[in-house]
J.: 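Structure provided below as structure tokens; questions to follow.
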Amino acid sequence: MTGVPASAAGGSARAKATAPAADVSDAPDVSGASGAGVSAAVTGRSSSSSAGPAAGSDTDGSAGKAPRGKKIAAAAVNQASVWNIANLLTMLRLILVPGFVALMLADGGYDPAWRSLAWAAFAIAMITDLFDGHLARTYNLVTDFGKIADPIADKAIMGAALICLSYLGDLPWWVTIVILGRELGITLLRFIVIRYGVIPASRGGKLKTLTQGVAVGMYVLALTGWLATLRWWVMAAAVVLTVVTGLDYVRQAIVLRRQGIAARRAASQETAEENQA
């Protein structure tokens, strides 16, 4: 009888027994076609037809489903993170804006009791402005919603107070125009130069915000006597800080833009030299 030797037959049997496992484990490292070719060389045509598609299906499934799962999980985390304490304070400040306007203009806008309630709403809004950003940075609660809603809430409460005061004749319109024009202009400038970098908040800007809040709060209250004179000086300081810090932001934006353009040109030149080499 001219059969195959026992050792060779045993080796062939072991190869057939172990080939599918090896093919599946190596599937992520090769394409479906190459995996089928290797399997055909080791186990024959029948083994390749069964092992090749299985390996290909495992590869496609693991490659396709994992990223989608990660995206869904990330989206769920981001959606849940919107409802954090920092964003809730920002939402509260937005809700206080129409309430403040209603209290400010109630009964003709000159009733001391209504003006006191309006001051309380304004004070709460300014206090939340101090805490929401700090909480977001300290406890890693920064979200896209907060980045957009926080500056809107800041401008909304301050703008509402200034416009109401000017409408009632308590504050000259030019003061309102200067302050709001600066705030909106700097916000727009930040978006324009954001491609080159971020303009950090300065100490002067923080002092300006504090001074504006105190001055506007004093004007919201129905003050008389020396307190009415004091609030005029505080508002004058707020206007000066508003203009000075605004000019400083413009200077920083110009410098940041120049540096960004220079860096891009240097990077482009370096890339061109590497391509030529």
J.: Distance check, rounded to the nearest 0.5 Å: Ile163 atom CD1 versus Trp173 atom CH2?
T.: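 Answer for the CD1-CH2 pair, Ile163 versus Trp173, is 6.0 Å.
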
J.: Taking Phe131 as the starting point, is it possible to reach Ile152 by hopping between hydrophobic residues whose side chains are less than 4.5 Å apart?
T.: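 Shared cluster, no.
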
J.: Linking Ile, Leu, Val, Met, Phe, Trp and Tyr by side-chain heavy atoms under 4.5 Å, what else ends up with Phe191?
T.: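 Listed partners: none, Phe191 stands alone.
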
J.: Got a sec, which residues hit salt bridge (charged side-chain N to carboxylate O under 4.0 Å, His left out) with Arg265, two or more places apart in sequence or on another chain?
T.: none

J.: Give a yes or no answer on whether the side chain of Arg231 reaches the backbone of Val216 with a donor-acceptor pair at less than 3.5 Å.
T.: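 No, Arg231 side chain to Val216 backbone: no donor-acceptor pair under 3.5 Å.
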
J.: With a 4.5 Å limit on heavy-atom distance, are the side chains of Leu105 and Tyr167 in contact?
T.: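 The answer is yes, as the side chains (C-beta and beyond) meet within the 4.5 Å cut-off.
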
J.: Drop me the distance from Leu89's CG to Ile127's CD1, to the nearest 0.5 angstrom.
T.: 11.0 Å

J.: Within the supplied structure, the quantity of interest is the number of heavy atoms (other residues, nucleotides, ligands) at a distance under 6.0 Å from Asn140 CG; does it exceed 12?
T.: no

J.: Are any of the side-chain heavy atoms of Arg195 and Arg264 separated by less than 4.5 Å?
T.: yes

J.: Report the C-alpha separation of Ile192 and Leu188 in whole Å, then their side-chain angles, then the decisive distance to 0.1 Å, and conclude whether the side chain to side chain contact (heavy atoms under 4.5 Å, CB included) test is met.
T.: CA-CA 6 Å; Ile192 292 175; Leu188 179 61; 4.1 Å; yes

J.: Is there a path from Val214 to Leu96 through hydrophobic residues (I, L, V, M, F, W, Y) whose side chains come within less than 4.5 Å of each other?
T.: no

J.: What pair of heavy atoms forms the shortest contact from Leu171 to Leu162, and how long is it?
T.: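 So the minimum-distance heavy-atom pair works out to CD2-CD2, 3.6 Å.
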
J.: Group every Ile, Leu, Val, Met, Phe, Trp and Tyr by side-chain heavy-atom contacts under 4.5 Å, then state whether Leu165 and Val175 land in the same group.
T.: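 Yes, one cluster joins them.
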
J.: Arg190 and Tyr249: side-chain hydrogen bond (donor to acceptor under 3.5 Å, both in side chains), yes or no, with the steps?
T.: CA-CA 9 Å; Arg190 286 177 180 270; Tyr249 274 117; 3.3 Å; yes

J.: How long is the gap from CG on Asn87 to NZ on Lys147, to the nearest 0.5 Å?
T.: 11.5 Å

J.: Leu94, Met126: one ILVMFWY side-chain cluster at the under-4.5 Å cut-off?
T.: no

J.: Atom OH of residue position Tyr110 - does it have more than 12 heavy atoms of other residues, nucleotides or ligands inside 6.0 Å?
T.: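 Count over threshold, so yes.
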
J.: Side-chain heavy atoms nearer than 4.5 Å, only ILVMFWY residues, links allowed to pass through others: does that put Val255 and Val193 together?
T.: no

J.: Would you compute the distance between atom CG of Leu141 and atom CD1 of Ile85 and round it to the nearest 0.5 angstrom?
T.: 9.0 Å

J.: What heavy-atom pair brings Gly205 and Thr245 nearest, and what distance separates the two atoms?
T.: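 Result for this residue pair: N-CG2, 3.9 Å.
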
J.: Could you list the residues that satisfy side-chain hydrogen bond (donor to acceptor under 3.5 Å, both in side chains) with Thr128, not counting sequence neighbours?
T.: Arg93

J.: Does the side chain to side chain contact (heavy atoms under 4.5 Å, CB included) test come out yes or no for Leu221 and Leu227, once each step is laid out?
T.: CA-CA 10 Å; Leu221 287 173; Leu227 289 176; over 6 Å; no

J.: Under the criterion side chain to side chain contact (heavy atoms under 4.5 Å, CB included), I'd like the reasoning laid out for Met91 against Leu88: C-alpha separation, chi angles, the key distance, then a yes or no.
T.: CA-CA 5 Å; Met91 295 176 192; Leu88 290 176; 4.1 Å; yes

J.: Looking at Trp232 and Tyr219, what are the two nearest heavy atoms and their distance?
T.: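 Closest heavy-atom pair between Trp232 and Tyr219: CA-OH, 3.6 Å.
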
J.: Tell me who clusters with Val198, hydrophobic residues only, linked when side chains sit under 4.5 Å apart either directly or through other members.
T.: none

J.: Hey, could you give me each pair passing salt bridge (Lys or Arg N to Asp or Glu O under 4.0 Å) that has a residue in residues 102-120? Not counting sequence neighbours.
T.: Arg115-Asp170

J.: For Thr242, is there any backbone N or O sitting under 3.5 Å from a side-chain donor or acceptor partner on Arg182?
T.: yes

J.: Working note: Trp114 + Leu117, criterion side chain to side chain contact (heavy atoms under 4.5 Å, CB included); need CA distance, chi angles, decisive distance, verdict.
T.: CA-CA 5 Å; Trp114 289 112; Leu117 293 175; 4.0 Å; yes

J.: Shortest non-hydrogen contact from Thr138 to His134?
T.: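 Between these two residues, the closest heavy atoms are OG1-O, 2.7 Å.
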
J.: Roughly how far, to the nearest 0.5 Å, is the CD atom of Gln212 from the CE atom of Met235?
T.: 8.0 Å

J.: Scan residues 205-219 for pairs that pass salt bridge (Lys or Arg N to Asp or Glu O under 4.0 Å), counting only residues two or more places apart or in two chains.
T.: Glu183-Lys208

J.: Minimum heavy-atom separation for Ile157 to Ala125, with atom names?
T.: CG1-CB, 3.7 Å

J.: Where do Met104 and Val220 come nearest, in terms of heavy atoms and distance?
T.: SD-CG1, 3.9 Å

J.: Taking atom CD of Gln252 and atom CD1 of Ile186, what is their separation to the nearest 0.5 Å?
T.: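 Rounded to the nearest 0.5 Å, the CD-CD1 separation comes to 9.5 Å.
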
